[in-house]
Structure formats: structure tokens, C-alpha cells
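What follows is a short report on a single structure.
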Amino acid sequence: MEITITEKKEKGKRPEDSSLGFGTTFTDHMFNMDYSLEKGWHNPRIEPFQNISLSPASMVLHYGQEIFEGLKAYKNPDGDVQLFRPKENFKRFNRSAKGMCIPEIDEAFALEALKKLITLEKDWIPETLGTSLYIRPTIIATDPFLGVRASHTYRYFVILSPVGAYYSEGFNPIKIWISTERVRAVRGGVGEYKTGGNYAASLFASEVAKKEGYAQVLWLDAVERKYVEEVGAMNIFFVINNELITPELNGSILSGVTRNSVLHLGKKWNMKVSERKISVDELIAAYNNGTLQEMFGAGTAAVISPVGEIRYGDTIMKIGNGKPGDITTKFYKAITDIQYGKAPDTENWIEKVL
Ligand code: COI
């Protein structure tokens, strides 16, 4: 398929790197493509970033049939532009598509289109360590129909946003709050798909946590409310007695690309690495006997985010000395060095754009 390009006449200006937060500024152009039963995916085009005109009856607005991804482009020290494991994101995008009854896209074509879009927008990529160009591929259901069924028409779009750190804390430890009242997702549901409803489901507890001074909610499993699952915006890791532990993928946890990268590096470094169930009771016991050494989140937006405090009911567990732990820092450095091209791509994780 031929991608048509319509360039914006008056180009915008990228904000200073130092002023970048997360997801507030968007680049000049976006990628769009449509789907219909008759034509399949068609009309791929790069156009000026613009509002989408939708019928108020569009199915996405009523029943939430949508999926998205998050990945990043980085500038390396030579000024080259590179992506971190983008094929993993498009694979997961199609897994989410299947799970949400959305037609899959051609992964190779999606990557080629993304590279074209990034090439056009290369001046929007920030350069400082900790900043990057965040990429948000999304598919929405567009049938104007109020019956509940899978839509017959869709829009795929990709928008780009120059970003800094996801948390205002930057690489300083954040505080997270274990929800005992609410759950995010249940096995057999859609928790492992990257679909908006999972994030909508997280809002109520997140607001409560925020009021208490906690940046994020750590979710427990929805069946027994006993085992730790994920943080919503990132997967979670613990170091207990020198064992690197993350909850096993069980159908209600998102299979994070950064999560997978941490597990890979941990094994390569000969750490004891476990994907297994980890209960709050085990966490509290480890805290009480002094073996809970470190805790961190891993995600595309969050990168590696140290956790300095967790709260479960009235139990408050403080981890470390207010600074990121050594193991957390080692993962942060190894992963960001590869992402920013400051270290050789030993794991074959980098895809060059230009
Ligand atoms: C990402 O890490 O890219 C995500 O999609 C998490 C997001 C909710 C900020």
C-alpha cells in the first residue's frame, strides 16, 4: 500500500527538553488508516495532526472497543534515530486486536509507516537523557451503531509526543498504594490487552491513592485479592533475598516489553529470576525480616521507576534510604544505555529509523 503524505504548512516548535512532562505536546503530523469489511485496511496516509470527526454514535464512545500501544524513539549520540523493540509492540498490538475483536494490522507495514512518520517528524525528537519521542498507535471502533457487537469499521492512527519523565519524581523513588477495595482486571477478562477500559477501571482507586499522597496503585489479583499483579502504568519487580521477582503472566497482567527486557538482563547477569505468584503476605514478611531489598516498576513510559514506599491498609513499608537501589539503578542504566545508543546493542533490541 502506498502511503500518501500531506505536509502541514506552518510547522510547530518543539518545547525545550527541560520543560517536557509526559504526553501534553504533539508533533505536526499523524498517521491514519481506515478499515471497512469491503476494503480491509486502506487509505494509509500521513497528515497534519488534527481532530478526528466521529459520529456521536461511534461504538468506541459507548462500548470502549479500542486498543493502543506505547513505544519510544530516541536520538543516539551521533544524532541517529532509533526505536526500542518496536516489533514486540506491534506483536502485542495484534494480540490486543484479536482479544478485542478488532481486525489485525500488517505488523511490517505498521513499522514501515511509523518510520516514515518519525522521519518526517525527526526535529521533534528531544535529545537529553530521560527525554524521547513517545509513540501512541491506537485503533478505535467507528461504526455509528448502538447495538452491542464488534464494529465493522475502524480507524488506526499514530500520534507522537516529545516527552520527559512519566512521574514528576523522575528517577527518584515513588510511593505506591495497594488497593484493597478495587481491582483492575480479572483472569478471563481483558487485563492482558492494552485497551482503554483497563485504565478507566483504575481511575477510582488511583484518585483515592493520590489523595493519600501515593503516585500509583498496585493491584492485587481480582479472585483472591492476595497476589500482587501490576501497577497499571507499569509492571512491578521486587528484589527479595537477592531473588528478582515479578508476578507471572496470568491473563490479567500486561506483558510489558520493558518487563521482558528486565527479565532477560537479570538472567544474563546470573541473577535468580522468578516469574511467579507473590502475595502481599510474602511481601510484608520480607519487609519485616529485612529481606525486601528493592522494588521498582518497569514500563515504556515509566522506564525503570524505583519504589520507595508501599502501603497496604495501615501497614507502611519503606524501602531503601530514599534513593534508588543499586539493582534498580543497574537495570535503569543498562536499558537506557541501549535505548539511547550509549552502549552496544548486544541484545539486538534496536531498530534504526534513520
Ligand atoms: C506505556 O508505558 O507506554 C503505557 O502505555 C502506559 C501508559 C498508560 C502511560
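Computed from a prediction, not measured in an experiment: that's the story for all the values here. Indexing begins at 1, ligand by ligand and atom by atom, following the structure's order.
Shortest contact from atom 2 (O) of ligand 1 to any protein heavy atom: Ala301 N, 2.8 Å. At the top of the distance list for atom 1 (C) of ligand 1, counting protein heavy atoms only, stands Tyr134 OH, 3.3 Å. Ranking the protein heavy atoms by distance from atom 8 (C) of ligand 1 puts Tyr199 CE2, 3.5 Å first. Atom 9 (C) of ligand 1 has its closest protein heavy atom at Tyr166 CE1, 3.5 Å.
Using bins of under 30°, 30° to 60° and over 60° for the plane-to-plane angle, the ring pair Tyr156/Phe93 lands in the tilted bin. Ring pair Phe296/Phe237 is parallel by interplanar angle, where below 30° counts as parallel and above 60° as perpendicular.
Aromatic rings from Phe171 and Tyr332 are positioned such that their centres are separated by under 6.0 Å.
At least one donor-acceptor pair under 3.5 Å links the side chain of Arg136 to the backbone N or O of Glu69. The backbone N or O of Ala141 sits nowhere less than 3.5 Å from a side-chain atom of Arg155 that would complete a donor-acceptor pair.
Those atoms of ligand 1 that come under 4.0 Å of a heavy atom in Phe68, given as number and element, are 5 (O).
In Arg136, the part holding a heavy atom less than 4.0 Å from any atom of ligand 1 is the side chain.
Looking at Lys75 and Glu127, a side-chain N of the basic residue comes within less than 4.0 Å of a carboxylate O on the acidic one, giving a salt bridge.
Residue contacts with ligand 1 include Lys194, since one of its heavy atoms falls under 4.0 Å from the ligand.
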